[in-house]
Amino acid sequence: MRIPDLTRIVIATRNGGKLREFRVLLAPMKSEVLSLEDASIDTDIEETGSSFTENARLKAISYSRFTRLPVLADDSGLEVTALDGRPGIHSARYAGPEASDADRVRKLLLELAEAAGERSARFVCALALSWDGELLLESEGQCSGIIGTEPRGTGGFGYDPVFIVPELNKTFAELSATEKNLYSHRSRAAASLLRELLNSA
Ligand code: IMP
């Protein structure tokens with residue numbers, strides 16, 4: 001595998017929550033972590049894949065054609081058992097293109113109340129690292145939890161206020177950033193990618 005210079009790396013996202021988490025998760029690489037805006041990439045790549053892995057790959061490869069820097073793409077979302085795995089890859093657009101995190105959480109709680117079933121769920125994160133249009137590495141991380149009946153906590157982003165970590169009986173939004181990183185799908189995917197990167201150095 002060709003190893004790019006990792007002094008600077010672009011995270012293929014416009015989501016501030018994800019970016020903040022990556023700045024911590026990638027700290028061992030000592031890279032400067034840039035957003036799409038920082039890298040002056042204003043094109044948006046459509047997520048047309050049918051899985052988290054396909055979408056992460058698509059974003060990483062496509063965005064890496066707009067910059068000379070390596071690009072790390074994250075495609076992630078929430079799979080709820082009683083909703084047959086929805087919202088899944090549609091997590092970001094679950095309540096429509098203009099909806100807020102609060103709108104998405106509200107819709108999820110309504111749908112789950114109607115389903116009146118079990119409340120187990122999992123977060124999934126697929127990562128893909130690409131450089132110069134070439135896919136270099138991929139990884140995936142998951143974490144299991146329970147969807148609460150009302151939002152709790154003010155930290156994190158997205159569905160964090162309703163995602164309860166059973167061992168702690170706290171939502172991701174009630175954890176500090178460091179605590180969330182002990183359990184999260186994203187931290188597991190990032191750890192596995194960093195391991196592979198070290199092994200191929
Ligand atoms: P995408 O990967 O940009 O397509 O969007 C992922 C969506 O899944 C986000 O907009 C959030 O709604 C949700 N999501 C992914 N990871 C997390 C997380 O760690 N906490 C809460 N919500 C998340």
Side-chain angles (χ1 to χ4, degrees), residues 10-26 35-37 41 43-63 71-80 83 85-109 111-112 121-130 138-148 151-165 168 170-191 193:
V10 178
I11 307 298
T13 190
R14 303 190 192 280
N15 179 323
K18 277 191 193 178
L19 194 69
R20 270 192 301 280
E21 291 189 8
F22 277 115
R23 291 216 156 102
V24 176
L25 295 172
L26 301 182
S35 67
L36 289 172
E37 284 85 357
I41 300 175
T43 306
D44 271 319
I45 303 298
E46 247 196 278
E47 298 179 10
T48 53
S50 57
S51 66
F52 293 111
T53 303
E54 273 180 32
N55 279 335
R57 203 180 282 164
L58 179 76
K59 288 191 274 187
I61 294 174
S62 307
Y63 283 120
V71 173
L72 179 67
D74 161 315
D75 200 62
S76 46
L78 182 68
E79 294 184 337
V80 179
L83 303 180
R86 284 185 302 113
I89 58 168
H90 304 296
S91 293
R93 292 150 282 167
Y94 177 49
E98 304 299 328
S100 64
D101 278 347
D103 296 332
R104 283 181 279 274
V105 163
R106 232 184 333 268
K107 177 166 178 184
L108 177 68
L109 293 181
E111 276 211 74
L112 256 185
R122 65 178 185 174
F123 269 126
V124 180
C125 171
L127 295 181
L129 177 67
S130 192
E138 293 179 287
S139 69
E140 192 185 290
Q142 303 183 353
C143 64
S144 299
I146 300 290
I147 304 301
R152 280 182 357 215
T154 53
F157 68 98
Y159 299 92
D160 281 351
V162 286
F163 187 83
I164 299 172
V165 181
L168 307 176
K170 281 187 179 174
T171 68
F172 266 173
E174 292 178 302
L175 303 182
S176 67
T178 316
E179 285 170 323
K180 179 177 172 185
N181 283 341
L182 293 176
Y183 296 90
S184 89
H185 49 316
R186 188 161 297 104
S187 67
R188 288 173 181 165
L193 195 97

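Counting convention: from 1, in listed order, for ligands and their atoms alike.
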Review point. Going by distance only, is there an N or O of D101 that falls short of 3.5 Å from an N or O of ligand 1?
Key: no
Point to revise | Reported CG-to-NZ distance for the pair L72 and K59, which is rounded to 0.5 angstrom | key: 10.5 Å
Check your understanding: Where do S76 and R186 come nearest, in terms of heavy atoms and distance?
Key -> OG-NH2, 3.0 Å
Review point. Could you give the distance from CZ (F22) to CG (N15), rounded to the nearest 0.5 Å?
Key: 10.0 Å
Review point. Among the heavy atoms of F157, does any lie under 4.0 Å from an atom of ligand 1?
Key: yes
Exercise for review: Could you list the atoms of ligand 1 found under 4.0 angstrom from a heavy atom of K180?
Suggested key: 18 (C), 19 (O), 20 (N)
Check your understanding: Among protein heavy atoms, which sits nearest to atom 23 (C) of ligand 1, and what does the distance come to when rounded to 0.1 Å?
Key -> F123 CE2, 3.6 Å
Exercise for review: Compare every heavy atom of A60 with every heavy atom of A128, then report the nearest pair and how far apart it is.
Suggested key: O-CB, 3.4 Å
Revision key, fill the gap. Atom 20 (N) of ligand 1: closest protein heavy atom, distance to 0.1 Å, is D160 OD1, 2.6 Å
Practice item. Could you list which atoms of ligand 1 come closer than 4.0 Å to a heavy atom of G158? Key: 21 (C), 22 (N)
Check your understanding: Quick one: does G77 get a heavy atom under 4.0 Å from ligand 1?
Key -> yes
**Study point:** Y183 side-chain N/O to V165 backbone N/O, donor-acceptor pair under 3.5 Å
**Key:** no
Exercise for review: Would you mind finding which of K18, R186, R14, H185 brings a heavy atom closest to atom 2 (O) of ligand 1?
Suggested key: K18
Study note, to complete from the structure: Residue pairs meeting salt bridge (Lys or Arg N to Asp or Glu O under 4.0 Å), one or both in residues 152-164, sequence neighbours left out, come to R152-E174, D160-K180
Point to revise | Sub-3.5 Å N/O-N/O distance, R93 and ligand 1 | key: no
Revision key, fill the gap. Filtering C143, S76, A12 for the heavy atom nearest atom 15 (C) of ligand 1 leaves S76
Study note, to complete from the structure: heavy-atom search around atom 4 (O) of ligand 1 in the protein gives E47 OE1, 3.0 Å
Review point. By number and element, which atoms of ligand 1 are closer than 4.0 Å to a non-hydrogen atom of D75?
Key: 1 (P), 2 (O), 4 (O)
Exercise for review: Determine the sole option in L127, L26, V71 for which the side-chain contact (heavy atoms from CB on, under 4.5 Å) test with I11 is passed.
Suggested key: L26
Check your understanding: Are K107 and Y94 in a cation-pi setup, meaning NZ or CZ lies under 6.0 angstrom from the ring centre and within 45 degrees of the ring axis?
Key -> yes
